[in-house]
Amino acid sequence: MCENTRVFRNVPLKNYTTFRIGGNAERLLETDDWQTLMQEQDGALVIGCGSNLLVGDGGVKGTVIRFCSNACEPQILSQSEKDTVVYISGAAKLSLLSRYAADSGLSGLEWAARIPGTVGGAVKMNAGAHGSDVKSRIVYADVSDKKRLIRLNAEELKLGYRTSDFDGIAVGAAFRLFRSGVQAVQKETERLGRLRDKAQPKGSSAGSVYKAADGVPAYKYVAAAGLSGFRIGGAKVSEKHANFIINEGGATARDVLELMEKIESEVYCKFGVKLEREVRTVGEF
Ligand SMILES: Cc1cc2nc3c(=O)[nH]c(=O)nc-3n(C[C@H](O)[C@H](O)[C@H](O)COP(=O)(O)OP(=O)(O)OC[C@H]3O[C@@H](n4cnc5c(N)ncnc54)[C@H](O)[C@@H]3O)c2cc1C
């Protein structure tokens, strides 16, 4: 975790994405100080774990911000007989919050086990799984806009299916969880984690590339289009889960982009379905 603020020049972003792909950030700023965030965020790209990002081979011009915090321990804000509101830094791992909830017997974030992003990234993406998502549990997020820190409630964050509509950096968020038994929550968290391990391929990826189309999981279309195992350069459609593109080593962002374009055109030609990307492309391609 970072100590206050550090600035680096020409940093390979492949080291900051789960795809292990991406050119250099012209300037990378790591900070745990939201006032620095406010001064620096105009025009900058904020990243969390880079687990939903395809960064172009030409990198990112200008500033990339990583919001880091030394204070990632969840805090209980309020408790009633029924529920508990927990606050956590936007820089914390979502999986850490899920584990904390399980170990505290708090139900509501079992689905988030092993999702490899930050809380801030999860709010921005309205991350979700197994029929639940951030939207269903969040009370509010503290967001650094260009002038101040503001508190946006669930409605104001405008969370949709893997989308949101707010400007600024989520520096912390509060979640409403329900009191349950420790064993029951741990068991369910483990069960969903195991399901994930069973269904998802290992290797460098950004998780699901596409959103479900009208409720039909995207992998079904990609597989039915005969594209499981299809590769361009070092990028391959996973045979285990056709909604995952794997960097087999040395894939460029261009390889992945071309593979996505191939998938999109094949699925459209065969089924008339326009797949919508969940993975975000950023930077120069
Ligand atoms: C193996 C694997 C499995 C996955 N499974 C799931 C899953 O089950 N469900 C799911 O929803 N996702 C899943 N993902 C995708 C990803 O983990 C989530 O979208 C996650 O929420 C992204 O968080 P991040 O910190 O990595 O954000 P990044 O990828 O770094 O950024 C994503 C977006 O959020 C913005 N952002 C990042 N941090 C902040 C912040 N603090 N404030 C405001 N904006 C911010 C970025 O600018 C960018 O637009 C998976 C990914 C992988 C690699």
Side-chain angles (χ1 to χ4, degrees), residues 13 16-22 25 28 30-32 34 37-38 41 43-55 60 63-69 72 88-98 109-136 138 141-145 149-150 152 157 159-173 192-193 195-197 199-212 217-219 238 240-241 243-247 277-283:
L13 286 171
Y16 293 87
T17 66
T18 54
F19 245 145
R20 301 276 159 227
I21 292 173
L28 176 71
E30 292 186 339
T31 189
D32 61 4
W34 67 264
L37 286 181
M38 269 192 320
Q41 71 187 74
L45 168 73
V46 59
I47 60 168
C49 293
S51 64
N52 202 51
L53 292 179
L54 176 63
V55 178
V60 176
T63 299
V64 173
I65 294 178
R66 284 185 76 225
F67 171 57
C68 316
S69 173
C72 284
I88 190 160
S89 163
K93 297 266 173 71
L94 182 65
S95 55
L96 180 146
L97 180 61
S98 172
L109 287 172
E110 293 87 335
W111 57 270
R114 302 185 215 181
I115 292 185
T118 60
V119 169
V123 173
K124 186 71 185 178
M125 293 306 306
N126 186 23
H130 305 292
S132 197
D133 58 11
V134 165
K135 184 181 180 183
S136 66
I138 195 165
D142 288 328
V143 175
S144 153
D145 78 358
L149 204 57
I150 51 173
L152 300 178
L157 291 164
L159 302 173
Y161 176 34
R162 303 295 171 267
T163 59
S164 60
D165 190 8
F166 65 92
D167 291 327
I169 300 175
V171 300
L192 296 181
L195 278 184
R196 179 176 288 279
D197 289 349
Q200 296 185 351
K202 303 227 177 313
S204 305
S205 78
S208 293
V209 178
Y210 297 104
K211 300 180 185 184
Y219 77 86
S238 166
K240 186 169 182 185
H241 190 316
N243 200 15
F244 275 55
I245 291 177
I246 305 293
N247 172 9
R277 292 179 193 171
E278 185 172 324
V279 166
R280 296 193 166 190
T281 47
V282 294

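Whatever order the structure lists them in is the order used to number ligands and atoms, beginning at 1. Scope of the values below: all heavy atoms of this structure, side chains included, with no hydrogens, waters or symmetry mates. Every value quoted in this text rests on a predicted model; they were computed, and no experiment measured them.
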Report all N/O contacts between ligand 1 and the protein shorter than 3.5 Å as a table of atom names and distances to 0.1 Å; if there are none, say 'none'.
residue  : atom   : partner : partner atom : Å
ligand 1 : 5 (N)  : R196    : NH1          : 3.1
ligand 1 : 8 (O)  : R196    : NH1          : 3.2
ligand 1 : 8 (O)  : R196    : NH2          : 2.8
ligand 1 : 9 (N)  : G128    : O            : 2.7
ligand 1 : 11 (O) : G128    : N            : 2.9
ligand 1 : 11 (O) : G128    : O            : 3.4
ligand 1 : 11 (O) : R162    : NE           : 3.4
ligand 1 : 17 (O) : S51     : OG           : 2.7
ligand 1 : 21 (O) : A122    : N            : 3.4
ligand 1 : 25 (O) : C49     : N            : 3.0
ligand 1 : 25 (O) : T118    : N            : 2.8
ligand 1 : 25 (O) : T118    : OG1          : 2.7
ligand 1 : 26 (O) : C49     : N            : 3.2
ligand 1 : 26 (O) : G50     : N            : 3.2
ligand 1 : 26 (O) : S51     : N            : 2.9
ligand 1 : 26 (O) : S51     : OG           : 2.6
ligand 1 : 29 (O) : S51     : N            : 3.1
ligand 1 : 29 (O) : N52     : N            : 2.8
ligand 1 : 30 (O) : G48     : N            : 2.7
ligand 1 : 30 (O) : G50     : N            : 2.9
ligand 1 : 41 (N) : A170    : O            : 3.1
ligand 1 : 42 (N) : A170    : N            : 2.8
ligand 1 : 47 (O) : V46     : O            : 2.6
ligand 1 : 49 (O) : R280    : NH1          : 3.0

* To do: Go through the structure and list residues passing salt bridge (Lys or Arg N to Asp or Glu O under 4.0 Å) with K240, not counting sequence neighbours.
  =>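 Per chain and number, K240 pairs via salt bridge (Lys or Arg N to Asp or Glu O under 4.0 Å) with no residue.
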Between [X] (side chain only) and [Y] (backbone N and O only), is there a donor and an acceptor less than 3.5 Å apart?
X	Y	answer
R162	G128	yes
N126	V134	yes
S95	R114	no
N243	S208	no
Y161	A212	yes

